[in-house]
2 protein chains.
Amino acid sequence: MRQVKYSDDFLTLAARLCYIDHIPQQKVAQMLQVSQAKVSRLLSMARERGIVRIEVNAYEPRNYQLEESIKKKLGLKEVYVIKSIGCSNTGTEYFGSDIITQTLQPDFKVGIAGGRTIMQLAEGMLKSDLPQRLSFVQLMGNVGSIPQATDASEIGRKLAAATGSFMSLNTPVFVYDRELRDKLRRDPQIKQVVEYYHQMDVAFVGIGIPENSILSISNAVVKEDALRLREQGVVGEICGRFFDASGKECATDFKDRVLAVNLETLRKTPRSIAIVSDTDRSDAIKAAAAGGIINGLLINETAAKALITES
Amino acid sequence: MRQVKYSDDFLTLAARLCYIDHIPQQKVAQMLQVSQAKVSRLLSMARERGIVRIEVNAYEPRNYQLEESIKKKLGLKEVYVIKSIGCSNTGTEYFGSDIITQTLQPDFKVGIAGGRTIMQLAEGMLKSDLPQRLSFVQLMGNVGSIPQATDASEIGRKLAAATGSFMSLNTPVFVYDRELRDKLRRDPQIKQVVEYYHQMDVAFVGIGIPENSILSISNAVVKEDALRLREQGVVGEICGRFFDASGKECATDFKDRVLAVNLETLRKTPRSIAIVSDTDRSDAIKAAAAGGIINGLLINETAAKALITES
DNA sequence: AATATACATGAATAATTATTCATTTTGGAT
DNA sequence: ATCCAAAATGAATAATTATTCATGTATATT
């Protein structure tokens, strides 16, 4: 084992010249008779050893006040409102994912829906330190035959690769008719998944509206469908299940053809958390909360304000 | 006046992402929906506002222990030993200049010799915050007809340009014979300079040896001269004046031809400080101290160790 | 309102910093 | 001593950051 090569004194000198006197590394290199590359390395060592400390005031990503308002108004157990910065919500996923990740514990069984918002959440979670041995389970069938990054299966696979396992639901989200749906539900493999739903510690779902969701984007629900759904009293959608203003699943033509966790199961899951980033979901969120489909919400400030302001 | 455009919160966010999470500015720019240039500016603002603080352990450039040893051994009033770092002494001038500059006060009358070491000192001083209205005076004539950066006149001019004024000694350091020297000394302009010497608050001089000094480098003193000087008891040189081990000026053929402050004047100057960076000057330094030609010393650690170790 | 002025902005670019890679050095282990 | 593996090194290069510059925008002043 080689002894420590560089004295604190030497590192302190390099650090002082670069960080206090703002002398470029090239010149410091001349002064110290080493290469610029080494100065860069010395500085990195100095930071590691704590000779250089870069401190930044704490940034508070959450708007606690709004969180409390929403908790109260919608009767939710947990609400996270992520501050919107600039005109974008890009930072939202960054902090949102981190906050959500911190609420997970090793060996948790985690339900995962599909959609853009959940995908972004997952991407952020992968950058955080995920707990060990998480079990992910796919909450809804796949939206099309061509795998999409927004599919619950894709998202679950990636998460599981980082920590733990993944149980997939190998079906489309909507099948042709009720008969096929029922047959699939009797399949042992599918049954196993559905049983697993009852053991979830937490479920992460997106909230859609007839006109705008991953289903409409992929044309699983087209404009005419949306109109009809609205006529049938639909206010929102979770995992391909459409519900009315009271949070009850509506009797639509999709209801008998959907393969996904059912709303009653979500209602019984200890933590059922909706992840929302759009501002046009206020009514859907309220309905889901009213019906107890969700008891938690991760939302950005802009959407949260819309939620509080409207109605 | 425009109001403050960016909230602390926004700057804190940018700073946090860059400095804590180490996300490159380009990506932070996307997250915040601004250009990378702006992120760079935001960070600069954050540092300015104190939202980001970069702290470095204090670097101590001086070796106080050696300073005390040398003070005691040579009976000097002020000694500054600058730590040597790596194999070079480049950092020495950097810190040495700064320390010396801090001992100067506005309106000081400062004597300046020539030579490489003094030149480097001056270069460093120019980078420091010099006090107002310093008067510099040239302690020795010029070494050649072609202006050199190491000439006292060049050094003084530069310093004066930064703060205050400069009085030059418009003569060669060595003239042809005694008669010419004496005539020059009677010249009113020269006399004025010499009179000024008596008012100096501090003098900065280099210390040479016959074989190695700015005089030998410029061939004003050649190898044969050096040999002869050694035979005549010369141990060191300050401002073209050669002295023996007791610090008394030797009766050499240069003595009658030199145009420079005389050693007696230096002896009476409140602060007469030698700047030394080479290790082969130990005997010369001791002699100058013994004779009271200098009462102060700025030296690097390597040379200081040689000084303490030898004899 | 019209104009001037200072400030703000981002694209392009310059400057700086970090990393890669080929080579050398170092400190053991024979 | 001789060899080996690990670590260190700097030149070249890639990546990142800061600055310049041309243009746009807001504020103040006629």
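Chain naming here is simple, since letters A, B, ... match the order of the sequence lines and numbering starts at 1 in each.
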Rounded to the Å, how far apart are [X] [atom1] and [N] [atom2]?
| X | N | atom1 | atom2 | result |
| --- | --- | --- | --- | --- |
| A/L42 | C/dT19 | CG | P | 14 Å |
| A/L17 | C/dT17 | CG | C1' | 16 Å |
| B/F10 | C/dA8 | CZ | P | 14 Å |
| A/H22 | D/dA18 | NE2 | C1' | 13 Å |
| A/M45 | C/dT19 | CE | P | 13 Å |
| A/Q30 | D/dA11 | CD | P | 12 Å |
| B/Y19 | C/dT17 | OH | P | 12 Å |
| B/Q26 | C/dA11 | CD | P | 10 Å |

> When you check the phosphate oxygens OP1 and OP2 of C/dT17, does a side-chain N or O of A/Q36 lie under 4.0 Å from one of them?
Replying inline: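 Looking at the OP1 and OP2 atoms of C/dT17, neither is under 4.0 Å from any side-chain N or O of A/Q36.
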>> For a quick test of reading the model: is some side-chain N or O of B/S40 closer than 4.0 Å to OP1 or OP2 of D/dA18?
In response: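 It does, given that an N or O in the side chain of B/S40 lies less than 4.0 Å from OP1 or OP2 of D/dA18.
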>> Which nucleotide wins on minimum distance to the side chain of B/A37, given the candidates D/dT19, D/dA18, C/dT20?
In response: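 Nearest nucleotide to the side chain: D/dT19.
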>> Measuring from the side chain of A/Q25 (C-beta onward, heavy atoms only), which nucleotide among D/dC21, C/dA18, C/dT20 has the closest atom?
In response: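 Closest nucleotide to the A/Q25 side chain: C/dA18.
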>> Please determine whether any donor N or O and acceptor N or O are separated by less than 3.5 Å between the side chain of B/R41 and the base of D/dT20.
In response: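 Indeed there is one.
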> Hey, is A/E301 close enough to A/K83 for a salt bridge, meaning N to O under 4.0 Å?
Replying inline: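 No, A/E301 and A/K83 are not salt-bridged.
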>> If only side-chain N and O atoms count, and only distance matters, is there a donor-acceptor pair under 3.5 Å linking B/R53 with A/N57?
In response: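 Judged by distance alone, the side chains do pair up.
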> With no hydrogens and no angle check, do the side chains of B/Q102 and B/D98 hold a donor and an acceptor under 3.5 Å apart?
Replying inline: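 Side-chain D/A pair, B/Q102 to B/D98: present.
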>> Can you tell me how far apart CZ (B/F136) and NZ (B/K158) are? Round to the nearest 0.5 Å.
In response: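 One gets 13.0 Å once the value is rounded to the nearest 0.5 Å.
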